[in-house]
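What follows is a short report on a single structure.
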Amino acid sequence: MPKPRVFVSLRVAGWERRVIERVLSPLSEVLYLGGGRDPYKGIEEAEAAIAFKLPLDAINRARRLRFVQSPTAGVDALNVEELARRGVLIATSKGCNATSVAEHAMALVLALAKQITTQDSELKRGVWRRHTDETMLIDLKGSTMGIIGYGNVGRELARIAKAFGMRVLAIRRTPQEGSDPYADFVGGPGDMLRVLRESDFVVLCLPLTKETRGLIGERELRAMKKTAFMINVGRGAVVDEDALYRALVEGWIAGAGIDVWWAYPPREGAPSPEGIHRLPNVVATPHMAGWTRRARERCLRFAAENVARFLRGEEPLNVVSPERGY
């Protein structure tokens, strides 16, 4: 009896293939995204796929497909509605890069509090700062961090923030009862404005769903302190781009650290059609928070193991609800 086929719709290096095949080769024949005119050659026979995204023409060809495993925490790049309509089960790899993303978020917090990029640029231009009230930096100890989206990344970030002596307030979809080892307060959506008002650093760790798209707009940004900073390591479209641009230019907030954007190359205007990435009070990185060797290996291994669960007839982990989008 021939082995079932798994299609890997990713550009992978040799070591990445070895991670995948170590798990899946005993159970299946593994096919990979190719080059040339037909990169999806073989997807017609695949029962499962590991994919960050799948174009509609590939989905149309994959008539035997029953399971798609994302190697990332989010599935906003996948056509979830179309796959679900065809009865295809979808799962994420949420949690596999939580430590890496949380560390990057903390790096953005530190860069803003300590004005690292500004001071570096000044020194390279030959400017030596004077010690004045205007050039004083910010202590993290005793400051308040608000975490919007208290999932895997949010909890790991709260743990790191506590090590810095910060007060941590968090928001999750459903309020948490009882004490939390890292957060001083864990509330629900109704507590959002309170957390925004009290925080010195607001970190967004949200997936992009129908509920979260545009969640942070003018009302939320105006609720923040003028001395506060917003950091986004979730998804760009969670924030209203125009409102954030005005907040940064008009001084509603002090600055922002952004790793996730509204437009991605080769789209015109990337990463921010409004030009937020060029503002002097913004520290910008090109969606690199989860891109570490260890995180990539963990995510690929988890994805392969979850596909293996499916092929063995077991219940996969992290199955996506098409209605919620995560």
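Just so you know, residue 1 is the first one in the sequence shown, and it goes up from there.
Between the side chain of Thr212 and the backbone N or O of Thr209, at least one donor-acceptor pair lies under 3.5 Å. Using a distance-only test at 3.5 Å, with no hydrogens or angles considered, no donor-acceptor pair links the side chain of Lys53 to the main chain of Asn79. Looking at Ser121, its side chain never comes within 3.5 Å of a backbone N or O of Thr117 through a donor-acceptor pair. Between the side chain of Arg66 and the backbone N or O of Gly87 there is no donor-acceptor pair closer than 3.5 Å. Listed for the Thr92 side chain is a donor-acceptor partner under 3.5 Å among the backbone atoms of Lys94. Looking only at distances, no side-chain donor or acceptor of Ser143 sits under 3.5 Å from a matching main-chain atom of Met166. Proximity of a side-chain donor or acceptor of Trp262 to a complementary backbone N or O of Gly236 within less than 3.5 Å is detected. Checked by atom type and distance alone, the side chain of Asp184 never pairs as donor or acceptor with a backbone atom of Leu169 at under 3.5 Å. Side-chain atoms of Asp240 do not come within 3.5 Å of backbone N or O of Gly217 as any donor-acceptor pair. Panel note: side chain Tyr150, backbone Ile147; no donor-acceptor pair is recorded below 3.5 Å.
Atom CZ of Arg312 sits in a crowded spot, with more than 12 heavy atoms from other residues, nucleotides or ligands closer than 6.0 Å. Enclosure of atom CZ in Arg213 is not indicated, since only 12 or fewer non-hydrogen atoms of other residues, nucleotides or ligands lie within 6.0 angstrom. Around atom CZ of Arg63, no more than 12 heavy atoms belonging to other residues, nucleotides or ligands sit under 6.0 Å away. For CZ of Phe302, the number of neighbouring non-hydrogen atoms (other residues, nucleotides, ligands) closer than 6.0 Å is greater than 12. Within a 6.0 Å sphere centred on CD of Glu250, other residues, nucleotides and ligands contribute more than 12 heavy atoms. For Lys41, the NZ atom counts as loosely surrounded, since its 6.0 Å shell holds 12 or fewer non-hydrogen atoms of other residues, nucleotides or ligands. Within a 6.0 Å sphere centred on CD of Glu177, heavy atoms belonging to other residues, nucleotides or ligands number 12 at most. Around the CD atom of Glu81, the shell of radius 6.0 Å holds no more than 12 heavy atoms that belong to other residues, nucleotides or ligands.
In the hydrophobic clustering of ILVMFWY residues, with side-chain heavy atoms under 4.5 Å counting as a link, Ile258 and Tyr264 come out together. Linking Ile, Leu, Val, Met, Phe, Trp and Tyr residues whenever their side-chain heavy atoms come within less than 4.5 Å leaves Leu317 and Val88 in two separate clusters. Residues Val153 and Leu208 do not share a hydrophobic cluster, defined by chaining ILVMFWY side chains whose heavy atoms lie under 4.5 Å apart. When the side chains of ILVMFWY residues are joined at heavy-atom separations under 4.5 Å, either directly or via intervening members, Ile50 and Leu83 end up in two distinct hydrophobic clusters. Leu31 is not connected to Val12 by any chain of hydrophobic side-chain contacts under 4.5 Å among Ile, Leu, Val, Met, Phe, Trp and Tyr, and they are in different clusters.
Under a 4.0 Å N-O distance rule, the pair Asp180/Lys162 does not qualify as a salt bridge. We find that Glu47 and Arg5 are not joined by a salt bridge, their nearest charged nitrogen and carboxylate oxygen being 4.0 Å or further apart. For the pair Asp57 and Arg61, the salt-bridge criterion is not met [side-chain N within less than 4.0 Å of a carboxylate O]. Taking the charged nitrogens against the carboxylate oxygens, Glu21 and Arg18 have no contact shorter than 4.0 Å, which rules out a salt bridge. Taking 4.0 Å as the cut-off between side-chain N and carboxylate O, Arg294 and Glu297 do not count as a salt-bridged pair.
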(Q) Quick one, Asp242 with Glu274, criterion side chain to side chain contact (heavy atoms under 4.5 Å, CB included). Give me CA distance, side-chain angles, the key distance, then yes/no. (A) CA-CA 7 Å; Asp242 178 66; Glu274 295 275 1; 3.5 Å; yes
Q) How far apart are the C-alpha atoms of Val30 and Val8, what are their side-chain angles, what is the distance that settles it, and do they pass the side chain to side chain contact (heavy atoms under 4.5 Å, CB included) test? A) CA-CA 7 Å; Val30 184; Val8 179; 3.7 Å; yes
(Q) Would Trp128 and Leu123 count as a side chain to side chain contact (heavy atoms under 4.5 Å, CB included) here? Give the steps. (A) CA-CA 6 Å; Trp128 189 274; Leu123 274 178; 3.7 Å; yes
Q) Could you walk me through whether Trp291 and His104 pass the side chain to side chain contact (heavy atoms under 4.5 Å, CB included) check? A) CA-CA 10 Å; Trp291 190 248; His104 196 92; over 6 Å; no
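Between Met106 and Leu140, some side-chain heavy-atom pair lies under the 4.5 Å cut-off. Considering only heavy atoms from C-beta on, Arg85 stays 4.5 Å or farther from Ile59 through its side chain. Two residues are said to be in side-chain contact when any heavy atoms from C-beta on lie closer than 4.5 Å; His287 and Arg235 meet this criterion. Residues Trp15 and Arg296 meet the side-chain proximity criterion, which asks for heavy atoms closer than 4.5 Å. Annotation: side chain of Asp259 is not in contact with side chain of Asn232 (no heavy-atom distance under 4.5 Å). In this structure, Lys114 and Ile138 have side chains that are not in contact, with every pair of non-hydrogen atoms separated by 4.5 Å or more. Side-chain atoms of Phe7 and Leu33, non-hydrogen and from C-beta on, do get closer than 4.5 Å to each other. By the 4.5 Å heavy-atom criterion applied to side chains, Tyr32 and Ile20 are counted as neighbours.
Side chain to side chain, Glu156 and Asn152 fail the donor-acceptor criterion of an N or O pair below 3.5 Å. When only modelled atom types and interatomic distance are considered, Arg129 and Gln115 share a side-chain donor-acceptor pair under 3.5 Å. Side-chain contact annotation: Ser100 with Thr292, donor-acceptor N/O pair under 3.5 Å present.
Between Phe67 and Phe310, the angle of the ring planes stays under 30°, which puts this pair in the parallel group of the 30/60° scheme.
Here the shortest heavy-atom pairing between Arg172 and Pro189 reads O-CD, 3.5 Å. Here the shortest heavy-atom pairing between Asn97 and Ala295 reads CB-CB, 3.8 Å. Closest approach of Ala51 to Pro71, counting heavy atoms only: O-CD, 3.4 Å. In terms of heavy atoms, Thr285 sits closest to Trp261 at O-NE1, 2.9 Å.
Atom CG of Leu10 and atom CZ of Arg17 lie 11.0 Å apart (nearest 0.5 Å). Atoms CD and CE, on Glu134 and Met136 in that order, are 9.0 Å from each other to the nearest 0.5 Å. Atom CZ of Phe164 sits about 11.0 Å away from atom CZ of Arg159, to the nearest 0.5 Å. Once rounded to the nearest 0.5 Å, the distance linking CZ of Arg11 with CD of Glu16 reads 12.5 Å. To the nearest 0.5 Å, atom OG of residue Ser70 and atom CG of residue Asn306 are 11.0 Å apart. Note that CG of Leu27 and CG of Leu311 are 6.0 Å apart. Values are rounded to the nearest 0.5 Å.
Put simply, the residue from Ile253, Val249, Ile216 that forms a side chain to side chain contact (heavy atoms under 4.5 Å, CB included) with Leu244 is Ile253.
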Report all side-chain donor-acceptor pairs from residues 196-207 shorter than 3.5 Å, counting only partners two or more places apart or in another chain.
from: Glu198; atom 1: OE1; to: Arg167; atom 2: NH1; distance (Å): 3.3
from: Glu198; atom 1: OE1; to: Arg167; atom 2: NH2; distance (Å): 2.8
from: Glu198; atom 1: OE2; to: Arg194; atom 2: NE; distance (Å): 3.1
from: Ser199; atom 1: OG; to: Gly146; atom 2: N; distance (Å): 3.3
from: Ser199; atom 1: OG; to: Val195; atom 2: O; distance (Å): 2.6
from: Asp200; atom 1: OD1; to: Lys225; atom 2: NZ; distance (Å): 2.9
from: Asp200; atom 1: OD2; to: Thr144; atom 2: N; distance (Å): 2.8

